[in-house]
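The figures here come from the full heavy-atom set of this structure, side chains too, leaving out hydrogens, waters and symmetry mates. Start at 1 and go down the list; that is how both ligands and their atoms are numbered. Numbering starts at 1 and runs along the sequence shown.
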Amino acid sequence: MSTTWHVLGAGSLGTLWAARLARARLPVRLILRDHARLASYQTGKGLTLVEHGVAHTYPVVGETSDSPGPIHRLLVACKAYDAQEAVAQLEHRLAPHAELILLQNGLGSQDAVAAQLPQARCIFASSTEGAFRESDWRVVFAGHGYTWLGDASHPTPPLWLDDLQAAGIPHAWSTDILTRLWRKLALNCAINPLTVLYQCRNGELQAHQCEVATLCAELAELLECCGQPAAAQDLQSEVERVIQATAANYSSMYQDVANARRTEISYLLGYACQAAARHQLTLPHLQQLQVRLVQQLSARGLPSD
Ligand code: NAD
Ligand code: KPL
């Protein structure tokens with residue numbers, strides 16, 4: 001019998017993963033915020049995944065953090081700013097050598113969770129898959145992509161990658177997961193804040209090529225300084241390629257702001273600016289970008305952390 005996958009967070013990515021694991025008949029349990037959410041979930045038939053316009057519902061068992069039973073494998077699928085608290089609520093249930101898979105975007109939350117649980121194995125993930133919640137318990141698989149998983153302190157891949165294979169979750173084990181996360185962070189810093197400030201789709205940043213290039217140069221300097229030279233390589237051309245390839249899309253940060261949701265700024269641009277400060281690196285355009293973004297968020301009544 002395979003180890004049960006506990007999935008923390010019934011949002012977009014949590015549902016996408018839980019539904020595919022359940023589809024492969026792997027044991028999955030979904031951890032919901034509280035008893036009210038659990039009661040609401042239990043009035044339905046399970047989690048619905050819409051893929052290529054076709055909906056399928058999977059009867060995944062729901063629970064809360066105070067349900068009984070140990071957790072051996074936990075997929076943490078909440079936002080970066082919720083990760084520490086969400087994991088703390090489950091600490092009493094974690095088996096001594098539990099494994100956690102951290103799906104959070106950006107950097108900072110993964111190290112915080114790993115420091116909180118020195119006994120556990122924390123595997124970091126970086127995903128290019130895209131999903132959004134159409135309604136409660138119903139998620140649309142919007143963009144097929146790939147998930148890289150890795151453990152910066154332990155290069156051996158876990159055996160459960162076979163479960164991901166069985167579930168049709170495209171993935172690869174990465175021995176340089178931090179480089180991947182830094183690279184993604186740099187891409188997100190060069191694109192997402194500008195889409196919020198100019199209120200535009202990714203493609204419209206082609207009209208701000210100089211600003212994007214200046215930010216890429218500063219981000220590359222930061223990556224070099226942080227010991228991530230591979231993540232700095234050809235950054236500008238990749239940012240331009242992503243802007244072109246996703247021209248019609250609104251960035252995730254744009255969507256968060258448009259829907260009056262808290263952003264993950266502290267784990268993206270905020271993390272980059274803090275790292276620059278730690279290295280006494282002056283990156284005027286990046287720092288100015290953070291000031292402008294914080295002003296914009298505050299003006300909209302959104303948290304700026
Ligand atoms: P989401 O907001 O859709 O889902 C997060 C869920 O976690 C919510 O349902 C929330 O209620 C739940 N949650 C928070 N705290 C909890 C707690 N203590 N107990 C139980 N549930 C709790 O977020 P998402 O879009 O799935 O994103 C999750 C992470 O994945 C983010 O860091 C995001 O940047 C990253 N990511 C998302 C996508 C995507 O397409 N959605 C793609 C790549 C990366
Ligand atoms: O990851 C993205 C996002 O919107 O968060 C892209 C498409 C790369 C834009 O930064």
task: Determine whether K45 and P59 make a side-chain contact, defined as any pair of heavy atoms from C-beta on separated by less than 4.5 Å.
output: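 The answer is no; the side chains never approach within 4.5 Å.
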
message: What I'd like to find out is whether the side chain of Y254 reaches to under 4.5 Å of the side chain of N192, using heavy atoms alone.
response: no

message: When you compare the side chains of T246 and N202, does any donor N or O come within less than 3.5 Å of an acceptor on the partner?
response: yes

- prompt: Any side-chain donor paired with an acceptor under 3.5 Å for Q296 and R292?
  reply: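 Side-chain D/A pair, Q296 to R292: absent.
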
field: Winner among N249, V242, T128, N192 once heavy atoms are compared against atom 8 (C) of ligand 2
entry: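 Minimum heavy-atom distance to atom 8 (C) of ligand 2 goes to V242.
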
- request: Determine, considering heavy atoms only, which of G145, G106, G11 sits nearest to atom 4 (O) of ligand 1.
  value: G11

message: Counting only nitrogen or oxygen atoms and a 3.5 angstrom limit, does S252 reach ligand 2?
response: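 Yes; the residue has a nitrogen or oxygen that sits under 3.5 Å from a nitrogen or oxygen of the ligand.
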
- prompt: Between N188 and ligand 2, is there a nitrogen or oxygen pair with a distance under 3.5 Å?
  reply: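 Between N188 and ligand 2 (N or O atoms, distance only) the closest approach is under 3.5 Å.
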
message: Is there a salt bridge (Lys or Arg N to Asp or Glu O under 4.0 Å) between E85 and R33? Walk through the geometry before answering.
response: CA-CA 11 Å; E85 194 186 324; R33 253 183 202 283; over 6 Å; no

Side chain of [X], backbone of [Y]: donor and acceptor closer than 3.5 Å?
X: E264; Y: A80; answer: yes
X: Q280; Y: A276; answer: no
X: Q233; Y: A230; answer: no

field: Nearest-contact summary for atom 7 (C) of ligand 2 - protein heavy atom, Å
entry: N202 ND2, 4.0 Å

- request: Would you mind listing which atoms of ligand 1 come within a distance below 4.0 Å of any non-hydrogen atom of L8?
  value: 19 (N), 20 (C)

field: Atoms of ligand 2, numbered as shown, that sit under 4.0 Å from any heavy atom of I191
entry: 9 (C), 10 (O)

field: Atoms of ligand 2, numbered as shown, that sit under 4.0 Å from any heavy atom of S251
entry: 4 (O)

Geometric N/O contact [X] with ligand 1, under 3.5 angstrom:
X: K184; value: no
X: G14; value: no
X: L13; value: yes
X: Q89; value: yes
X: E264; value: yes

task: Answer with yes or no whether K184 contacts ligand 2, where contact means a heavy atom under 4.0 Å from a ligand atom.
output: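 Yes, K184 has heavy atoms under 4.0 Å from ligand 2.
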
- prompt: Which heavy atom of T128 sits nearest a heavy atom of W148, and at what distance?
  reply: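 Closest heavy-atom pair between T128 and W148: CG2-CZ3, 4.1 Å.
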
